[in-house]
Amino acid sequence: MRGIVVCVHPRASEEGAKILESGGNAFDAAIATAFVQMVTLPFSCGVGGMMSAHLLAPYKDEHVIIDGCLRAGSRVSSTMWADDYLGEAEVSGSSLFEDLRSTMGYTSICTPGSVAALGDIHREFSTMPWSELVEPAIRIAKNGFLVTPEYKRALNEGKSNPYEPSTRKSVESNGAGAKLFLDANHNSPAEGELIRNPDYANTLEQIATKGPSEFYRGELASIISDDLYGNGSFVTADDLAEYKTTRYQPLSTAYGDYQVFSNSAPGAGPLLIEALNVLDGLDISSFKHGGVEYLHYIASTLKLVNQDRIDYLGDPEVIGNGSLDIILSEERASEIRSMVKNDMVGNLRSHGEGPDTTHLTVVDELGNAASITHSLGTVSGVVTPRLGFVYNNGMNRFDPRPGRASSIAPRKARLHLMMPSLAFRNGRLAIAFGAPGGNAILSALTQVFTNIVDFGMSAMEAVSAARVHAEGSNIWCEARTSTGVVKSLRRLGHGVIHEASSLSERNARAQFVVIGSDMNFDGASDPRGSMGVSDSKV
């Protein structure tokens with residue numbers, strides 16, 4: 001089948017394209033691509049992580065979100081960490097503790113949802129057998145894949161805050177994790193080295209043979225729950241057995257003559273909707289792209305919307321929909337629009353998460369589309385012996401203080417910043433998009449989408465154009481932004497960090513597919529990051 005796969009890792013897009021070539025649809029290719037990413041990007045995603053999937057199936061008249069959120073274990077309590085809380089990390093937003101309990105080790109783990117989400121996608125939308133779609137990941141885990149610069153960076157990159165452990169420190173703290181990812185001398189593998197993970201291959205074979213329920217209620221689930229319970233995790237066997245994904249209709253808003261759809265809370269789609277609602281009344285296309293006025297309006301909008309994330313976004317099953325209604329309201333968009341026009345440049349708080357997430361976008365010739373973001377949060381470092389995968393550290397994004405939008409509660413969904421999205425024009429799918437990148441996802445998707453819609457750029461031009469990230473009091477400008485523009489933004493009251501890189505890895509790596517009226521595909525994978533462009537068209 002003709003189609004396109006756009007994602008971060010080249011082996012994953014290649015295997016997804018093979019599924020399309022063999023006659024599979026977009027959902028078949030998306031499942032295969034996601035599982036390969038779980039092997040080749042083990043610090044970004046995995047069977048121990050979370051997923052938000054935005055799916056369009058015209059042949060079934062279905063347009064739906066399937067969320068496999070991380071959920072706190074049933075053994076947590078709302079006040080259990082309140083007395084020891086040191087505050088939140090300035091950039092990542094992780095809760096901080098002297099003993100690293102929320103960011104590293106068994107106590108940081110939430111109930112995973114990625115396998116359940118992929119199972120639901122397969123049951124509802126796929127045409128190929130489940131085992132055939134897991135097979136490419138099994139093969140790559142057995143035969144090996146090359147260590148990329150991205151793999152090295154994710155494993156070794158340090159954090160400036162001593163209460164935020166690096167991935168390396170996290171895996172070194174766990175015997176099975178250290179054995180899996182480091183050599184006997186605790187050295188990380190060299191770039192270009194072939195990595196094999198036979199334990200992960202065996203785990204995936206069990207999932208392939210027995211189905212996704214094996215992860216939650218089978219023999220594999222028993223091994224997982226015994227290890228987690230025996231080492232102080234809050235996740236129980238019942239949490240796994242009773243885990244269910246959330247299925248709902250996407251949120252939407254009009255932007256010009258486009259209708260844009262995204263996920264809902266506890267995901268960050270409401271923030272994209274809010275940002276576009278604000279910008280739709282600011283006529284940014286009248287400004288020079290990358291100029292002072294353009295960046296002033298974009299950055300101020302992003303800062304103020306990010307503040308609403310802190311104040312209002314949480315699990316609606318627990319906190320209700322009142323806060324969500326504020327974010328989505330035209331009244332709130334109008335208030336922010338007025339603040340932007342009156343040169344309010346944002347507040348001083350920032351609160352997000354790191355870039356270790358991944359995304360894939362698949363569209364086929366029948367108009368089926370899958371925009372899927374999946375993540376581990378960062379990583380707990382924990383590996384159950386002989387299973388070959390690392391678990392999430394989802395507890396790091398709960399607020400240990402009771403009475404907050406993201407406070408801890410049993411089985412509460414963890415707030416995440418994923419926002420897989422689709423845009424329609426004249427009732428026809430026009431753009432499928434998303435990104436990994438934590439708190440920079442909103443900045444990336446807002447700018448790349450408007451690059452296409454307001455400035456007429458191609459997909460590759462749009463994802464490659466100079467970009468900013470803005471939240472709290474600061475704007476991070478890539479090196480391509482002129483010093484004159486930077487000085488002018490500072491005079492307007494923005495804190496500006498002028499970065500050394502022309503393609504900053506701070507920015508989220510947007511994955512976009514633009515669909516022409518004749519079903520021609522213009523796809524682009526963001527060149528930012530160590531692996532560069534990765535897309536496959538068939």
Side-chain angles (χ1 to χ4, degrees), residues 35 38-50 70 73 75 100-101 103-115 134 137-145 147 151 154-155 165-189 193-210 212-241 243 376-395:
F35 272 116
M38 290 176 178
V39 172
T40 57
L41 299 169
F43 311 120
S44 296
C45 61
V47 296
M50 60 180 165
L70 298 178
R75 297 174 66 197
L100 311 179
R101 69 186 70 170
T103 50
M104 188 177 84
Y106 284 90
T107 54
S108 71
I109 298 170
C110 289
T111 308
S114 289
V115 175
V134 187
I138 296 170
R139 169 169 37 86
I140 289 171
K142 281 182 178 177
N143 297 340
F145 61 94
V147 171
Y151 185 106
L155 178 56
S166 65
T167 298
R168 184 186 184 91
K169 181 172 182 176
S170 295
V171 300
E172 281 182 327
S173 71
N174 177 266
K179 183 177 179 181
L180 177 60
F181 296 116
L182 305 170
D183 66 18
N185 296 316
H186 278 215
N187 295 318
S188 59
E193 184 177 335
L194 189 69
I195 295 290
R196 294 185 175 91
N197 191 341
D199 287 342
Y200 207 171
N202 291 336
T203 295
L204 291 171
E205 281 183 340
Q206 290 184 66
I207 294 170
T209 302
K210 299 177 182 178
S213 63
E214 172 65 14
F215 189 86
Y216 296 92
R217 294 179 292 280
E219 180 183 352
L220 183 57
S222 295
I223 297 170
I224 291 170
S225 59
D226 286 350
D227 181 47
L228 296 185
Y229 186 84
N231 286 283
S233 171
F234 301 107
V235 176
T236 69
D238 286 343
D239 292 333
L240 286 169
Y243 183 89
L376 293 170
T378 46
V379 292
S380 64
V382 173
V383 175
T384 296
R386 296 181 298 282
L387 295 190
F389 67 88
V390 64
Y391 295 93
N392 68 82
N393 66 344
M395 289 299 294

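Here, residue 1 is the first one in the sequence, and each next residue gets the next number. Just so we're clear, the structure is a prediction, and the values are computed from it rather than from any experiment.
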With no hydrogens and no angle check, do the side chains of Thr40 and Tyr151 hold a donor and an acceptor under 3.5 Å apart?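 On atom types as modelled, these side chains do not qualify, holding no pair under 3.5 Å.
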
Under 3.5 Å, is there a donor-acceptor pair between the Asn393 and Thr103 side chains? no

Side chain proximity check, [X] to [Y], heavy atoms < 4.5 angstrom:
X      : Y      : result
Thr378 : Pro165 : no
Ser173 : Val382 : no
Leu387 : Ile224 : yes
Tyr200 : Leu204 : yes

Would you please test Lys169 and Leu100 for side-chain contact (heavy atoms from CB on, under 4.5 Å) and show each step? CA-CA 11 Å; Lys169 181 172 182 176; Leu100 311 179; 3.9 Å; yes

Least distance between heavy atoms, [X] atom then [Y] atom:
X      : Y      : result
Leu70  : Gly394 : CD1-CA, 3.8 Å
Gly381 : Asn174 : O-CB, 3.3 Å
Ala241 : Arg217 : O-NH1, 3.3 Å
Lys142 : Ala201 : CG-CB, 3.5 Å

Going from [atom1] on [X] to [atom2] on [Y], what distance comes out if it is rounded to the nearest 0.5 angstrom?
X      : Y      : atom1 : atom2 : value
Tyr106 : Asp227 : OH    : CG    : 3.5 Å
Thr107 : Asn231 : OG1   : CG    : 10.5 Å
Ile109 : Thr384 : CD1   : OG1   : 7.0 Å
Tyr216 : Ser225 : OH    : OG    : 13.0 Å
Leu228 : Ile223 : CG    : CD1   : 11.5 Å

Could you tell me whether the side chain of [X] and the main chain of [Y] form a donor-acceptor pair under 3.5 Å?
X      : Y      : result
Thr209 : Gln206 : no
Asn392 : Cys110 : yes
Ser380 : Ser108 : no
Ser233 : Tyr229 : no
Glu214 : Leu220 : yes

Test side-chain contact (heavy atoms from CB on, under 4.5 Å) on Leu155 and Val171 and set out the steps. CA-CA 9 Å; Leu155 178 56; Val171 300; 4.1 Å; yes

Using the ring of each side chain (for Trp, its six-membered ring), is Phe215 parallel, tilted or perpendicular to Phe389, with breaks at 30° and 60°? tilted

Name each donor-acceptor pair under 3.5 Å that joins a side chain in residues 177-185 to protein atoms two or more places apart or in another chain, with its distance.
| residue | atom | partner | partner atom | Å |
| --- | --- | --- | --- | --- |
| Asp183 | OD1 | Asn185 | N | 2.8 |
| Asp183 | OD1 | His186 | N | 3.0 |
| Asp183 | OD1 | Asn187 | N | 2.8 |

Would you sort out whether Met38 and Val47 count as a side-chain contact (heavy atoms from CB on, under 4.5 Å), showing the intermediate values? CA-CA 7 Å; Met38 290 176 178; Val47 296; 3.8 Å; yes

Check the pair Leu376 / Tyr391 against side-chain contact (heavy atoms from CB on, under 4.5 Å), numbers first and verdict last. CA-CA 7 Å; Leu376 293 170; Tyr391 295 93; over 6 Å; no

